[in-house]
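Proteins get letters first, then strands, A, B, ... in listed order; numbering begins at 1 in each. FYI, side chains are in, hydrogens and waters are out, and symmetry mates aren't considered; it's all heavy atoms of this structure.
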Amino acid sequence: MSFLVLYGEEYEEIKRILLQLKEETNSRIALIVEKNGQPIAFIGEVDGVDTTSLGSLVAGNVAATEGLARLLGEQGFSLIFDEGERENLHMTLIASKFILAVLFDKKTSLGLVRLRAKNAANRLEKVFKRLEEKMEQDKEKMGEGESPFEDISEEDIENLFK
Amino acid sequence: MALLNPRQKELICKIVYYGPGLGGKTTNLKYIFEHTSPMSRGELVTLNTQGDRTLYFDVLPLNLGTIKGYKIRFQLYTVPGQVFYSESRKIILRGVDGVVFVADSQQERMDANIESLEDLQENLRQYDYSFANLPYVLQLNKRDLPNIVPAEEMKKILVLKGEPVVEAVAIRGIGVMETLKEVSKLVLLKLKKEMK
Ligand SMILES: Nc1nc2c(ncn2[C@@H]2O[C@H](COP(=O)(O)OP(=O)(O)OP(=O)(O)O)[C@@H](O)[C@H]2O)c(=O)[nH]1
Ligand SMILES: [Mg+2]
């Protein structure tokens with residue numbers, strides 16, 4: 001399958017879990033990105049931050065760290081922690097396919113973020129599993145209705161570049 | 001892997017610019033960044049060496065516009081072309097929806113083009129991605145230089161499956177948008193087929 005459908009119901013649930021995580025930990029941003037860099041959902045103070053680029057960099061960072069682990073013969077890891085001057089980024093892998101990242105500052109502690117992120121990751125894993133099952137079930141129709149691209153034409157695409 | 005979000009009404013695709021070192025991949029992204037309104041693109045992030053060579057990747061989020069009420073968003077990546085950054089290229093290629101191969105038209109770079117093309121195919125094989133089904137465009141870049149191979153001759157060597165070919169001078173923007181348009185077309189038409 002070369003695409004993933006984020007069904008409305010699951011998408012809302014993902015956002016709810018992110019919001020709860022963000023509030024429980026008093027952090028700035030909670031986000032999920034697919035391991036290949038595709039942005040899934042963002043919650044938090046995103047003004048002035050290019051969240052899509054942030055997602056790509058988070059994914060790049062995780063991929064590089066995994067590469068390092070492979071090179072060094074490690075089994076891999078489930079968490080990275082970057083201690084910056086003011087901002088910290090906490091990352092958790094979900095089902096080896098998605099990355100949950102939490103950006104936080106001195107208002108909160110790593111211990112709390114770690115604990116809550118782990119909990120959120122477990123819940124998110126179930127949601128993503130459900131997504132996959134749903135996609136399996138209705139390969140035919142696209143979530144909330146018909147496939148949006150069924151009658152897209154070359155002309156529609158040309159028009160994007162006008 | 002493209003991402004379809006019916007609630008947000010958006011489609012997000014991943015495009016990778018591939019090719020030999022110094023071929024002009026980053027230049028393509030820079031041109032697109034500089035010639036689209038800030039409303040329709042994000043930051044251009046470049047992870048470079050001191051000499052401005054791509055070290056890991058560049059990425060540019062782009063909003064192309066809407067089709068059937070859906071926002072079409074592309075994430076444009078470049079890989080580092082230098083031979084020894086093979087691991088990074090492999091990582092960036094993961095989950096790709098479409099590839100632009102930026103070939104360097106200079107005579108002395110023909111071997112580098114061929115080597116990079118083989119590297120691309122090898123990396124795709126490792127992920128079990130089918131090159132035959134991959135939305136793919138060939139760009140012949142640096143057509144402004146004096147010591148270049150004629151386009152027809154380059155096509156004979158580099159065209160692999162009847163893909164669209166665009167002649168370009170990326171530093172002046174010639175052919176850059178056309179290349180993006182061609183690959184967009186292939187990516188979207190392929191998704192249309194798969195989503196039926
Ligand atoms: N004459 C000419 N020079 C170009 C053209 N496109 C790019 N260049 C120059 O070629 C050099 C390399 O371009 P980049 O875009 O950095 O090449 P790259 O493919 O990203 O290289 P790596 O990051 O090492 O893989 C720069 O000095 C560009 O200005 C072109 O169409 N004509
Ligand atoms: Mg580059």
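For B:Y77 against A:S56, the heavy-atom pair with the smallest separation is OH-OG, 3.2 Å. In plain terms, the two heavy atoms of A:T52 and B:P61 that are nearest each other are CG2-CB, 3.8 Å. For the pair B:K181 and A:F161, the tightest heavy-atom approach, listed with the atom from each and the gap, is CA-CZ, 3.4 Å. Nearest heavy atom pair, residue B:G95 against residue A:N36, reads CA-ND2, 3.4 Å. Scanning all heavy atoms of the two residues, the minimum distance from A:P39 to B:R73 falls at CG-NH2, 4.2 Å. Looking at every heavy atom in both residues, A:G37 comes nearest to B:Q75 through O-NE2, 3.2 Å.
With A:Y11 contributing its side chain and B:N5 its backbone, the two residues share no donor-acceptor pair below 3.5 Å.
With a threshold of 4.5 angstrom between heavy atoms, B:L44 does not approach chain A through any atom at all. Heavy atoms of B:L180 lying under 4.5 Å from chain A belong to its backbone as well as its side chain. Contacts of B:E87 with chain A are made by side-chain atoms alone, with heavy-atom separations under 4.5 Å and no backbone atom involved. Contacts between B:L3 and chain A at a heavy-atom distance below 4.5 Å involve backbone atoms as well as side-chain atoms. Only the side chain of B:I91 comes within contact range of chain A, with at least one heavy atom under 4.5 Å from a heavy atom of that chain. Contact of B:I92 with chain A is not made at all, since no heavy-atom distance falls under 4.5 Å.
Across B:L11, B:L64, B:I67, the residue that shares the most heavy-atom pairs under 4.5 angstrom with chain A is B:I67. For the set B:T66, B:V59, B:I12, the entry with the most heavy-atom pairs within less than 4.5 Å of chain A is B:I12. Per-residue counts of heavy-atom pairs under 4.5 Å with chain A were compared for B:D97, B:V96, B:V45; the largest is that of B:V45.
The shortest side-chain heavy-atom distance between B:R7 and A:L6 does not fall under the 4.5 Å cut-off.
From A:I40, atom CD1 reaches atom CD of B:Q8 across 11.5 Å, with rounding to the nearest 0.5 Å.
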